[in-house]
Amino acid sequence: MELIFFFVMAVLSVLTALAVVFSKSPVHSVLSLIATFFLLSGQYVLLNAQFVAIVNLIVYAGAIMVLFLFVLMLLNLKDEAEPQKSNLVRISVTLSAGMLLLTLVGSLRGAIQLPPSLASSATVGLVENLGKILFTDFVVPFEIASILFIAAMVGAVLIGKRNKAQDTEPLTTF
């Protein structure tokens, strides 16, 4: 029964993740991302990783997604005001997607090597074991994920940076 729930949540999380990428509205993308985080937390619970599930809900679905919604509302994105993407942006996106793919492959490679007795143990979800595994077996994917977070922060700053020519224009009156 748990296996069926796991696969249903896995399929739904992939569908909501695709909705994040292919949605035209940024608000719909953020809402799809929140649904993805909730589905991933459900999968963590089924994998006996309650701590990761709670942290995922509190940090990502709770704090970061609310911050994303506020930023989207403050930016007031419009299609006609959207600048054309340069080749540098396209190369940066390609590199970021490649690093994300590398992180996922590295995570899956480490997950395959887990012995079955460790997965059935009651201490798998403990914070102490999580820290040991994170800083020994999964240190490379952890560092790559941190680089991706830095790239996301730099991208957010670049998006939030205003054009100086628009700021110096006088306000028009009726």
Side-chain angles (χ1 to χ4, degrees), residues 1-23 26 28-72 89-159:
M1 191 68 173
E2 291 180 8
L3 190 63
I4 293 171
F5 282 134
F6 182 81
F7 283 120
V8 167
M9 282 196 276
V11 169
L12 288 176
S13 63
V14 168
L15 291 176
T16 55
L18 289 174
V20 170
V21 174
F22 294 114
S23 178
H28 291 156
S29 291
V30 170
L31 293 175
S32 298
L33 191 57
I34 290 172
T36 304
F37 285 145
F38 275 101
L39 290 167
L40 288 177
S41 294
Q43 289 174 338
Y44 290 143
V45 169
L46 289 177
L47 292 173
N48 199 18
Q50 291 85 6
F51 175 74
V52 178
I54 294 298
V55 167
N56 189 37
L57 280 179
I58 292 171
V59 173
Y60 292 107
I64 292 177
M65 286 295 101
V66 171
L67 180 66
F68 279 4
L69 279 175
F70 279 122
V71 168
L72 286 174
V89 171
R90 291 180 181 158
I91 290 171
S92 301
V93 168
T94 304
L95 286 175
S96 299
M99 287 193 292
L100 178 63
L101 179 65
L102 185 66
T103 303
L104 292 174
V105 169
S107 299
L108 290 176
R109 185 185 62 102
I112 292 171
Q113 294 175 351
L114 289 177
S117 62
L118 185 62
S120 63
S121 174
T123 62
V124 169
L126 295 179
V127 178
E128 181 180 348
N129 295 332
L130 178 68
K132 284 180 183 174
I133 290 174
L134 186 64
F135 290 109
T136 55
D137 296 339
F138 293 101
V139 69
V140 173
F142 180 72
E143 292 298 326
I144 291 172
S146 67
I147 291 170
L148 285 175
F149 281 127
I150 291 172
M153 285 191 290
V154 169
V157 168
L158 287 176
I159 289 172

Residues 51-59 side chain polar contacts: donor-acceptor under 3.5 Å, at least two apart:
residue: Asn56; atom: ND2; partner: Phe37; partner atom: O; Å: 3.1
residue: Asn56; atom: ND2; partner: Ser41; partner atom: OG; Å: 2.9

Just list the side-chain donor-acceptor pairs under 3.5 Å for residues 96-103, sequence neighbours left out, or say none.
residue: Ser96; atom: OG; partner: Ser92; partner atom: O; Å: 2.9
residue: Thr103; atom: OG1; partner: Met99; partner atom: O; Å: 2.8

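For Ser13, there are no side-chain hydrogen bond (donor to acceptor under 3.5 Å, both in side chains) partners two or more places apart in sequence or in a different chain. For the side chain to side chain contact (heavy atoms under 4.5 Å, CB included) test, residues two or more places apart in sequence or in another chain that qualify with Val8 are Ile4, Leu12. For Thr16, the side-chain hydrogen bond (donor to acceptor under 3.5 Å, both in side chains) criterion is met by Thr36, not counting sequence neighbours. Residues meeting the side chain to side chain contact (heavy atoms under 4.5 Å, CB included) test with Phe6, sequence neighbours left out: Gln43, Leu46, Leu47. Not counting sequence neighbours, the partners of Val11 by the side chain to side chain contact (heavy atoms under 4.5 Å, CB included) test are Leu15. Contacts of Phe135 classified as ring-ring contact (aromatic ring centres under 6.0 Å, His included), with partners at least two apart in sequence or in another chain: Phe142.
Note that the CE atom of Met9 and the CG atom of Leu40 stand 9.5 Å from one another [nearest 0.5 Å].
Applying the side chain to side chain donor-acceptor pair (under 3.5 Å) test to residues at least two apart or on different chains, none of the pairs has a partner in residues 59-71. For residues 62-71, there are no side chain to side chain donor-acceptor pair (under 3.5 Å) pairs, not counting sequence neighbours.
In terms of heavy atoms, His28 sits closest to Ser23 at CB-OG, 3.3 Å.
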